[in-house]
Amino acid sequence: MNRISSQLAGRLSLVPLDGGRRPEPPALVVVAHGSRDPRALSTVRTLLDQVRALRPGLPVHLGHIELNEPLLPDTLDALADREAILVPLLLSRGYHVKRDIPEMAAKSPARARVAPALGPHPLLVDALHARLVEAGWPARMDAATRAKTGVVLAAAGSRDPEAKVDTARTARLLAARLGVPVVPAYATTAAPTVQDAIEALNADGRTRVAIASYFTAPGRFATECEEKAPWIAAAPLGTHPAMANLLLNRYDQALSTPLRDAHPRGAGQHQFAAPPRGATSHPHPALAV
């Protein structure tokens, strides 16, 4: 249904009420981090092909923050003075979303606005749940088994406290879907580590622990987290259909919001929208339920 709705919206957007054809819509520039793992670039390119299939007629481009080509400044330079909406292929707020991407956009000739990070969002929970099911998460679970089960939401990590807020919100949404505790944990920079989260769940009597991979594509951090799984480990979000739909959701959200100057130093025109706020934290300091 999401795919059909998105395709219909894309086609209708090209047809104005007077029967003519509208000008080309603002370009969607998906901003990936970049990775030395070749699987990451292949995954991102496939994901963009899915976006193009969902929204025919929408110009879709790729730009990387680092490590891979095309780099974001090169992509924006090629767009010249056209209007573009930059959608970070990043799962939470942090330095890249708040500073790097807006500053690159401000130095470009493109009339760019920056959409929010992808998370938190229910579509991410759909993808996380589906990946766990693919890895062996049971369709049904009796009460005794549920009492012994927990999940670690393994993310990359950031020094920005708002990134942890966003990841914790996703953990709570996933916990509500699964009916078991979900502990956010990090591969680097932030605490707790994945191993610490596993031990916290074990201390709470949760001896059957799954790893939910909160990464957009395969890579070193995702692999290291999967290797720590005591039970099952889900694949990264990758090319799950919910990801393509979410990129378009963020594009549409930014497109419907008037441009305003929100760059930290006042340069350029960049629009930000804050993600939804989560509920209160779980009483156990290590468990998000």
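Ala135 approaches Ile232 most closely through the heavy-atom pair O-CG2, 3.5 Å. Across every non-hydrogen atom of Lys98 and Asp160, the tightest pair is NZ-OD2, 2.8 Å. Heavy-atom minimum distance, Arg93 versus Val165: NH2-CG1, 4.0 Å. Nearest approach of Ala197 to Val183, heavy atoms of both residues: CB-CG1, 3.6 Å. Between Leu62 and Ala32 the shortest heavy-atom distance is CD1-CB, 4.1 Å. Closest heavy-atom contact between Lys164 and Ala191: NZ-O, 2.6 Å.
Without hydrogens or angle criteria, Arg169 side chain to Pro120 main chain gives no donor-acceptor distance under 3.5 Å. With hydrogens and angles disregarded, no donor-acceptor distance shorter than 3.5 Å links the side chain of Arg172 to the backbone of Thr167. Between the side chain of Glu83 and the backbone N or O of Pro25, no donor-acceptor pair lies under 3.5 Å. Looking only at distances, a side-chain donor or acceptor of Ser108 sits under 3.5 Å from a matching main-chain atom of Ala105. Of the possible donor and acceptor atoms, one in the side chain of Tyr251 sits under 3.5 Å from a partner among the backbone N and O of Pro26. Side chain of Thr223 to backbone of Gly219: a donor-acceptor contact under 3.5 angstrom is found. Judged purely by atom type and a 3.5 angstrom limit, Ser158 has no side-chain atom pairing as donor or acceptor with the backbone of Ala163. At least one donor-acceptor pair under 3.5 Å links the side chain of Arg250 to the backbone N or O of Ala117. Looking at His64, its side chain never comes within 3.5 Å of a backbone N or O of Gly34 through a donor-acceptor pair.
Note on ring orientation: taking the six-membered ring where Trp is involved, the planes of Trp137 and Trp231 are tilted (angle from 30° to 60°).
The CG atom of Leu41 lies 5.0 Å from the CG atom of Asn68; values are rounded to the nearest 0.5 Å.
Side-chain heavy atoms closer than 4.5 Å link hydrophobic residues (I, L, V, M, F, W, Y) into clusters, and following such links, possibly through other members, connects Leu255 to Val87. With hydrophobic clusters built from ILVMFWY side chains whose heavy atoms lie under 4.5 angstrom apart, Ile85 shares a cluster with Leu47.
Checked for salt-bridge contact, Arg131 and Asp126 miss the test: no charged N lies under 4.0 Å from a carboxylate O. A salt bridge links Arg52 and Asp49; the closest N-O separation between the charged side-chain nitrogens and carboxylate oxygens is under 4.0 Å. Remark: Asp37 does not engage Arg220 in a salt bridge, criterion side-chain N to carboxylate O under 4.0 Å. With salt bridges taken as basic N to acidic carboxylate O contacts below 4.0 Å, none links Glu103 and Lys107.
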Self-check item: Derivation and outcome, side-chain contact (heavy atoms from CB on, under 4.5 Å), residues Asp100 and Tyr95
Solution: CA-CA 7 Å; Asp100 284 341; Tyr95 190 85; 3.1 Å; yes
Self-check item: Working for side-chain contact (heavy atoms from CB on, under 4.5 Å), residues Thr149 and Val209
Solution: CA-CA 6 Å; Thr149 302; Val209 178; over 6 Å; no
Quiz item: After noting the C-alpha distance and the side-chain angles of Tyr214 and Thr170, does the key distance pass the side-chain hydrogen bond (donor to acceptor under 3.5 Å, both in side chains) rule?
Solution: CA-CA 9 Å; Tyr214 200 43; Thr170 299; 3.0 Å; yes
Quiz item: Can Ile65 and Leu72 be said to form a side-chain contact (heavy atoms from CB on, under 4.5 Å), step by step?
Solution: CA-CA 6 Å; Ile65 297 169; Leu72 179 57; 5.5 Å; no
Quiz item: Between Leu86 and Leu76, is a side-chain contact (heavy atoms from CB on, under 4.5 Å) present by the stated rule, with each step listed?
Solution: CA-CA 10 Å; Leu86 280 53; Leu76 293 175; 3.9 Å; yes
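For Glu224, the CD atom is densely surrounded, since the number of other residues' heavy atoms within 6.0 Å is greater than 12.
Counting only heavy atoms from C-beta outward, the side chains of Leu118 and Pro88 never approach each other to under 4.5 Å. Inter-residue side-chain proximity for Asp252 and Arg55 is flagged as met; some heavy-atom pair is nearer than 4.5 Å.
In this structure, a donor-acceptor pair under 3.5 Å is absent between the side chains of Thr189 and Arg159.
You'll find the ring centres of His96 and His33 inside the 6.0 Å limit.
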